[in-house]
Participant: 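Shown below is the structure under consideration.
The structure displayed is predicted, hence computed values, not measured ones.
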Amino acid sequence: MKARLPQGYGGGGASNLQQIARQAQKLQEQMAQTTQELEEKEYTASSGGDAVRATVTGKMEVKSVEIKPEVVDPEDVEMLSDLILAAVNEALRSAANDKTEQMEKISGGLNVPGLF
């Protein structure tokens with residue numbers, strides 16, 4: 001008795017592999033395009049009731065930090081440092097979350113190490 005393969009198996013292995021390779025190439029191109037677009041985006045966050053605003057790029061680089069003069073107190077530099085850190089970290093989190101969301105949309109939630 002011969003084993004029968006389900007329809008769609010056997011004989012077409014090479015063409016199926018080529019199709020998968022084309023799909024992987026397309027996915028890689030979409031991810032590269034999205035990564036480039038995300039790296040050009042800017043993300044802004046504030047702290048202290050908008051006393052400190054930080055803007056970062058999608059490359060996770062700080063582009064600017066704006067500080068309202070009234071929050072600058074030479075007697076309390078620690079508070080100003082905390083406000084700056086809070087704003088910068090929130091902007092970076094926004095950039096990272098956006099990248100994760102966009103890549104998951106492209107990959108359909110597939111997490112392939114090294115792709116992004």
Participant: Could you grab the distance from atom CE of Met31 to atom NZ of Lys99, nearest 0.5 Å is fine?
Facilitator: 9.5 Å

Participant: Ignoring hydrogens, what is the shortest heavy-atom contact between Thr34 and Gln102? Give both atom names and the distance.
Facilitator: CG2-CB, 3.8 Å

Participant: Starting from the C-alpha separation in whole Å, work towards a yes-or-no answer on side-chain contact (heavy atoms from CB on, under 4.5 Å) for Leu92 and Met60.
Facilitator: CA-CA 6 Å; Leu92 289 170; Met60 304 301 177; 3.9 Å; yes

Participant: Using a 6.0 Å cut-off, check whether atom CD of Glu78 has over 12 heavy atoms from anything other than its own residue.
Facilitator: no

Participant: Just wondering, do Tyr43 and Leu38 contact through their side chains at under 4.5 Å, heavy atoms?
Facilitator: yes

Participant: I need the minimum non-hydrogen distance between Thr57 and Ala95, along with the two atoms involved.
Facilitator: O-CB, 4.2 Å

Participant: Can you tell me which residue among Val52, Leu83, Val62 is in a side chain to side chain contact (heavy atoms under 4.5 Å, CB included) with Val88?
Facilitator: Val62

Participant: What distance do Ser64 atom OG and Glu42 atom CD have between them, rounded to the nearest 0.5 Å?
Facilitator: 7.5 Å

Participant: Drop me the distance from Ile106's CD1 to Leu27's CG, to the nearest 0.5 angstrom.
Facilitator: 7.0 Å

Participant: Closest heavy-atom contact between Ala45 and Ala87?
Facilitator: CB-O, 3.5 Å

Participant: Check step by step if side-chain contact (heavy atoms from CB on, under 4.5 Å) holds for Asp73 and Leu80.
Facilitator: CA-CA 8 Å; Asp73 180 358; Leu80 180 56; over 6 Å; no

Participant: How long is the span from the NZ atom in Lys41 to the CD atom in Glu39, to the nearest 0.5 Å?
Facilitator: 13.0 Å

Participant: Please round to the nearest 0.5 Å and tell me the distance separating atom CE of Met103 and atom CD of Gln30.
Facilitator: 10.0 Å

Participant: Roughly how far, to the nearest 0.5 Å, is CG of Asp98 from CD of Glu37?
Facilitator: 11.0 Å

Participant: Could you check whether Glu29 pairs with Lys26 (Lys NZ or Arg NE/NH1/NH2 to Asp/Glu carboxylate O, under 4.0 Å)?
Facilitator: no

